[in-house]
Amino acid sequence: MKFAVILFPGTNCNQDMADAVSLYLKHEVSMVWHHETTLDGFDCVLLAGGFSYGDYLRSGAIARFSPIMAAVKNFAAAGKPVLGVCNGFQILTETGLLPGALTRNQSQHFQCETVEVVVENNRTAFSTAYTKKQLLQLPIAHADGNYYADEATLASLEANNQVVFRYKTQVNGSCNDIAGICNAQGNVVGLMPHPERNLWESRFPFASQNHWNADGCGVFDSVAQIMSSQPVPQRVFS
């Protein structure tokens, strides 16, 4: 199984994402430059956080025009798993792979903190390792994480169980406290919190049990299980 981490100018969490795959999951991972036009040979696509194209114009707005995004759209349309974290989530909304938009935090400040997140849908490609309503602690680091959608879109997301992660309390002004959503098929997921920054296990050498509680593991365990058709590893979550 092979993972692709899409690399745009300004992406700065690509190595964290790659480490989650190679050091934690022990799967093959490659960086794919945004000028590439194919994703042949890959089983999962990851869009990492950062500031693609310096967040000029609007977060993710320029990245949507990168040549690789046509391949990402085709990859998603084929039912294959695509995950966007932070700036990756912003890019997925800008390309129309996920509905809504990420706007400036209600605080008007960059927010970097650990927040509590509730798992609302544990049937997507990136959430099956969790239990529904499981409470997670995940870090955020964003200025434009305030999720917005019109009332009709929000109603559709709620009715179709497309809200995957929800902030337990108000964090950045997001409508319905939405922290992450999926497409109707459940193979494309975007979230603002960073699961790749909260992994812990003996095989992940840079993690510290004193600081990380492994709540991010389920995102990666889920897709690995789906891709390999093997049982999800039994883990103790907070």
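This structure is a prediction, so every number in the text was calculated from the model and none was measured.
A heavy-atom distance below 4.5 Å is found between the side chains of Val72 and Val82. In this structure the side chain of Ser66 never reaches within 4.5 angstrom of the side chain of His35, judged on heavy atoms. Residues Asn146 and Leu102 fail the side-chain proximity criterion, which asks for heavy atoms closer than 4.5 Å. Here the side chains of Phe126 and Cys44 are in contact, with some heavy-atom distance below 4.5 Å. Annotation: side chain of Pro139 is in contact with side chain of Asn198 (closest heavy-atom distance under 4.5 Å). Looking at Ser30 and Val5, their side chains never come closer than 4.5 Å, going by heavy atoms from C-beta outward. At least one side-chain heavy atom of Gln170 sits less than 4.5 Å from a side-chain heavy atom of Gln106. The side-chain heavy atoms of His27 and Met227, taken from C-beta on, include no pair separated by under 4.5 Å.
Contact record, Gly50 with Asn87: O-CB, 3.3 Å, taken as the closest heavy-atom pair. The heavy-atom pair separating Pro193 from Ala179 by the smallest distance is CD-O, 3.6 Å. Looking at every heavy atom in both residues, Met1 comes nearest to Asp43 through CA-OD2, 3.1 Å. Looking at every heavy atom in both residues, Leu154 comes nearest to Ala149 through CD1-O, 3.5 Å. For the residue pair Leu23 and Lys26, the shortest heavy atom distance occurs at O-CE, 3.4 Å. Nearest heavy atoms, Asp16 versus Glu196: CB-CG, 3.8 Å.
To the nearest 0.5 Å, the span separating CG on Leu92 from NZ on Lys73 amounts to 11.0 Å. Expressed to the nearest 0.5 Å, how far CG of Leu138 lies from CD of Glu113 amounts to 12.5 Å. The line from CD of Glu120 to CG of Asn176 is 10.0 Å long, rounded to the nearest 0.5 Å. With rounding to the nearest 0.5 Å, the separation of CG in Leu98 from CD in Gln162 is 8.5 Å. Rounding to the nearest 0.5 angstrom, the gap separating the CD1 atom in Ile226 from the OG1 atom in Thr124 is 7.0 Å. With values rounded to the nearest 0.5 angstrom, Asp19 atom CG is found 12.0 Å from Arg197 atom CZ.
With hydrogens and angles disregarded, a donor-acceptor distance shorter than 3.5 Å links the side chain of Ser127 to the backbone of Asn121. Under the 3.5 Å distance criterion, the side-chain polar atoms of Asp177 are left unmatched by any main-chain donor or acceptor of Arg166. Within the 3.5 Å criterion, the main-chain N or O of Ala101 finds no donor-acceptor partner in the side chain of Thr93. In this structure, Thr11 contributes its side chain and Leu7 its backbone to no donor-acceptor pair below 3.5 Å. Judged by distance alone, with hydrogens and angles left aside, the side-chain atoms of Ser222 form a donor-acceptor pair with the main-chain N or O of Gly218 at under 3.5 Å. The main-chain N or O of Ile6 is never found under 3.5 Å from a side-chain atom of Asn14 such that the two would form a donor-acceptor pair. Judged purely by atom type and a 3.5 angstrom limit, Asn105 has no side-chain atom pairing as donor or acceptor with the backbone of Gln108.
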Criterion side chain to side chain donor-acceptor pair (under 3.5 Å) on Thr131 and Gln134, from CA distance to verdict: CA-CA 5 Å; Thr131 58; Gln134 185 171 338; 3.2 Å; yes

Check the pair Phe8 / Ile68 against side chain to side chain contact (heavy atoms under 4.5 Å, CB included), numbers first and verdict last. CA-CA 10 Å; Phe8 302 94; Ile68 193 61; 4.1 Å; yes

Let me see the working for Glu28 and Phe42 under side chain to side chain contact (heavy atoms under 4.5 Å, CB included), right down to the final yes or no. CA-CA 10 Å; Glu28 184 179 357; Phe42 289 103; over 6 Å; no

Test Lys80 against Val45 for side chain to side chain contact (heavy atoms under 4.5 Å, CB included), laying out the working first. CA-CA 8 Å; Lys80 297 180 180 180; Val45 169; over 6 Å; no

Do Phe165 and Leu136 pass the side chain to side chain contact (heavy atoms under 4.5 Å, CB included) test, and can you show the C-alpha distance, the side-chain angles, and the key distance before you say yes or no? CA-CA 9 Å; Phe165 301 103; Leu136 312 177; 4.1 Å; yes

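Taking Asn161 as the reference, nothing meets the side chain to side chain donor-acceptor pair (under 3.5 Å) condition, with sequence neighbours excluded. In this structure, the salt bridge (Lys or Arg N to Asp or Glu O under 4.0 Å) partners of Arg104, at least two apart in sequence or on a different chain, are Asp144. Among residues two or more places apart in sequence or in another chain, the salt bridge (Lys or Arg N to Asp or Glu O under 4.0 Å) test is passed with Glu116 by Lys168. Under the side chain to side chain donor-acceptor pair (under 3.5 Å) criterion, His142 pairs with Asn172, not counting sequence neighbours. Partners of Thr153 under the side chain to side chain donor-acceptor pair (under 3.5 Å) rule, at least two apart in sequence or in another chain, are Asp150.
Ring orientation note: the planes of Phe89 and Tyr147 are close to parallel, at an angle under 30° on the 30°/60° scale.
Hydrophobic cluster membership for Tyr148: none, as no Ile, Leu, Val, Met, Phe, Trp or Tyr side chain comes under 4.5 Å of it.
Checking Asp221 against Tyr24 by side-chain atom types alone, a donor-acceptor pair falls below 3.5 Å.
Following chains of ILVMFWY side-chain contacts shorter than 4.5 Å, one cannot reach Trp33 starting from Phe3, and the two form parts of different hydrophobic clusters.
Heavy atoms from other residues, nucleotides or ligands lying under 6.0 Å from CD of Glu151 number 12 at most.
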